[in-house]
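Below is one structure, written out as structure tokens, with a few remarks after it.
The figures that follow rest on heavy atoms only: side chains count, while hydrogens, waters and symmetry mates do not. Numbering of ligands and ligand atoms starts at 1, following listing order. We're numbering straight along the sequence, starting at 1.
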Amino acid sequence: MLKWKAGVRIFLRSNHFDPETEDENIICQALLVYYKFDKNDDFDKIPGPKGLFLLHNTLDFLEGPVFAFYYFRQLTQKYKQLFKLQIGNKKVVAIYNPEDAETILSDMKYITKGYPYKFIKPWMAEGLAISTGEKWAFRRKLLTPAFYFNILKIYKIILEENSRKLVENLQCEVGKSKTDVEHYLQNFTLNSICETAMGIKLDEESKDFAKAYKQGVFDLSNIAIVRTLKLWMHSDFIFSLTELGRKQKKTLLMMNQFRDRVIDMRRKTFKEDDIIIKDEDITFKGKKRLAMLDLLLQAEKQGAIDADGIKEEVDTFMFGGHDTSATALQYALMIFANNFDAQERIIQEYNEFFPSLDQSISLNDLAKLKYLDCCVKECLRLYPSVPVILRNIKQSVKLKDNVMPAGTQCLILIYDLHRREDQFPNPDKFQPERFITDRPTWHPYAYVPFSAGPRNCIGQKFALIEMKLAILAILRRYRLLPVTKPKDIVFTSDLMLRSTKPVYVKFEERI
Ligand code: HEM
């Protein structure tokens, strides 16, 4: 006690504040009480950068999201297995060793999302990605059939068609010195999620909404990160008074309009008794294609979900289902542009299996393209669209070498797990062949682009099909030449693995 008091006094004096008067003594006592309650032996034993007295590491992140991205990488280099930080009163532990990742991700006890997800709640409310407990379990069960194999077979037809359109749209880029592919890919994935999971085709008017929606997604993700890094923005009241708070409000209004439009369009055609679900099989009467949204509309008719529930799931899937895949494809094209041999091998493999060029490919046939599969996996290892996930640890957990106390915000650094030298020799190198082996060099939880365990990505099979079809369609028509190189990319902290500058490639017609 005396030692703390002396410490507080030294700190106050070094800040020109002499705790000699009665008031100052009261402040001193209050700080001591706070300090005492704030201490936790298990947390203190975890290594991490030293922070300031009381403020801890809060000021470390004031330099913004780009600095934060690289600061985290510096810390993972220094501490090797895990490290701790304290931001305000939030105790944070970042893990990036596979054993600890398994402990957290595989256990239902730790499925509750971390504190910063609060900052995307105004947007996705308590949809599948954010909710927890019974609500999450119910929704997960309700929506899982939307990704059964025979539904994916129907989605595949739409994805194939949209890949063809993507290739047509890219035609005007041939011969240009460089192309920023982001906009093309975002259009492709947004149209695809609307037509598959939501069951609607965007008409001309909706396309204007969609354009604003894509910018809105970008702005809201960015705002969530800025709020996470700046302690004073954590208060909803203070945030609502800032310019960012006003921008978020305006953006949400616009995004809600787009989402409501999507729901209304499908509601008009929905008929409950069209859906037949039997075990692992789900079908639709007549020629209409079943969409994930139909399962929600059916649940609404049965009183299992209300209109707000439908809205939050549509918001969740529209975001989860388009920005992730577009980001992954953007980096994949950059990698292929920089790896000529990989492009050629993908095409060679395709031609060997399917000599007739205009053939539509079945899901079973797509699975035969092993080299393509390895390339997609390796792209997602190097550039996982979701670089970090967060959990709120509600009960203390024994990790490999430490104990993480209850109340900790746990960050699982997917980006760093994927670049561990001991798991992936030569980790920064694009080596698709490492996935060919029957004996991986890595622990199963060292490679988790779609997370793992009960809270893994519900859309992962969909995403892999989408990525493969788009890559095949593009590479069969064009050769990609390098412009942006991996070393040119400057990342920034975001919900997605975002580059601060456009990622360029050059398109050349394949003759
Ligand atoms: C390359 C593409 C994708 C990647 C890398 C990816 C990655 C992830 C990751 C890492 C998570 C766990 C997030 C967390 O725990 O905080 C997740 C969850 C989720 N993903 Fe994906 N995803 C992709 C595509 C998709 C698609 C296409 C959809 C929808 C069709 C989708 C829908 C979701 C949903 C709804 C969740 C929340 C699941 C739950 O909590 O039960 N994702 N995704």
Side-chain angles (χ1 to χ4, degrees), residues 101 104-106 108 110-117 120 124-133 135-144 146-148 151-152 155-156 158-159 162 185-186 188-199 221 224 291-293 295-296 312-332 376-377 379-392 409-415 417-418 445 447-471 495-497:
I104 302 301
L105 292 177
S106 63
M108 277 295 284
Y110 310 116
I111 63 162
T112 301
K113 294 296 178 83
Y115 176 79
Y117 287 81
I120 47 175
M124 285 183 243
E126 290 212 340
L128 191 67
I130 299 183
S131 59
T132 191
K135 178 172 180 179
W136 170 77
F138 174 75
R139 295 275 174 91
R140 180 93 190 192
K141 200 167 163 210
L142 175 72
L143 295 170
T144 296
F147 298 95
Y148 282 169
I151 297 298
L152 288 174
Y155 291 166
K156 190 235 48 169
I158 300 168
L159 292 172
N162 284 349
L185 298 172
Q186 293 273 356
F188 163 68
T189 57
L190 186 60
N191 287 344
S192 296
I193 199 72
C194 285
E195 288 175 34
T196 54
M198 306 306 156
S221 312
M292 186 201 77
L293 183 48
L295 298 177
L296 292 166
E312 61 194 11
E313 295 308 348
V314 170
D315 279 329
T316 299
F317 278 81
M318 295 268 281
F319 167 66
H322 103 272
D323 208 4
T324 44
S325 310
T327 304
L329 277 169
Q330 181 188 27
Y331 292 115
V376 170
K377 285 180 175 149
C379 290
L380 287 168
R381 181 185 72 78
L382 285 166
Y383 300 96
S385 313
V386 183
V388 52
I389 54 183
L390 286 89
R391 295 285 190 270
N392 183 357
Q409 297 298 313
C410 175
L411 306 185
I412 298 137
L413 304 183
I414 298 180
Y415 182 90
L417 269 166
H418 286 186
Y445 281 75
Y447 181 72
V448 284
F450 295 104
S451 184
R455 233 164 161 180
N456 66 354
C457 174
I458 196 172
Q460 60 181 290
K461 286 192 187 132
F462 177 99
L464 290 172
I465 296 167
E466 185 178 34
M467 283 184 72
K468 288 178 185 179
L469 290 174
I471 291 169
L495 302 181
M496 295 291 127
L497 184 67

Under a 3.5 Å threshold, I'd like every N/O contact between ligand 1 and protein atoms, with atom names and distance.
residue: ligand 1; atom: 15 (O); partner: K113; partner atom: NZ; Å: 3.3
residue: ligand 1; atom: 15 (O); partner: R391; partner atom: NH1; Å: 3.2
residue: ligand 1; atom: 16 (O); partner: K113; partner atom: NZ; Å: 3.0
residue: ligand 1; atom: 16 (O); partner: Y117; partner atom: OH; Å: 2.7
residue: ligand 1; atom: 40 (O); partner: L128; partner atom: O; Å: 3.3
residue: ligand 1; atom: 40 (O); partner: R455; partner atom: NE; Å: 2.8
residue: ligand 1; atom: 40 (O); partner: R455; partner atom: NH2; Å: 3.3
residue: ligand 1; atom: 41 (O); partner: W136; partner atom: NE1; Å: 2.8
residue: ligand 1; atom: 41 (O); partner: R140; partner atom: NH1; Å: 2.7
residue: ligand 1; atom: 42 (N); partner: G320; partner atom: O; Å: 3.3

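For Y383, the ring pair (Phe, Tyr, Trp, His ring centres under 6.0 Å) criterion is met by Y331, not counting sequence neighbours. For the ring pair (Phe, Tyr, Trp, His ring centres under 6.0 Å) test, no residue two or more places apart in sequence or in another chain qualifies with F317. When the salt bridge (Lys or Arg N to Asp or Glu O under 4.0 Å) test is applied to R381, the partners found at least two apart in sequence or on another chain are E378.
Comment: E312 engages R139 in a salt bridge, judged by a side-chain N to carboxylate O separation of less than 4.0 angstrom.
Here the side chains of E313 and L142 are not in contact, with every heavy-atom distance at 4.5 Å or above.
Going from atom CH2 of W136 over to atom CZ of R455 covers 6.0 Å, rounded to the nearest 0.5 Å.
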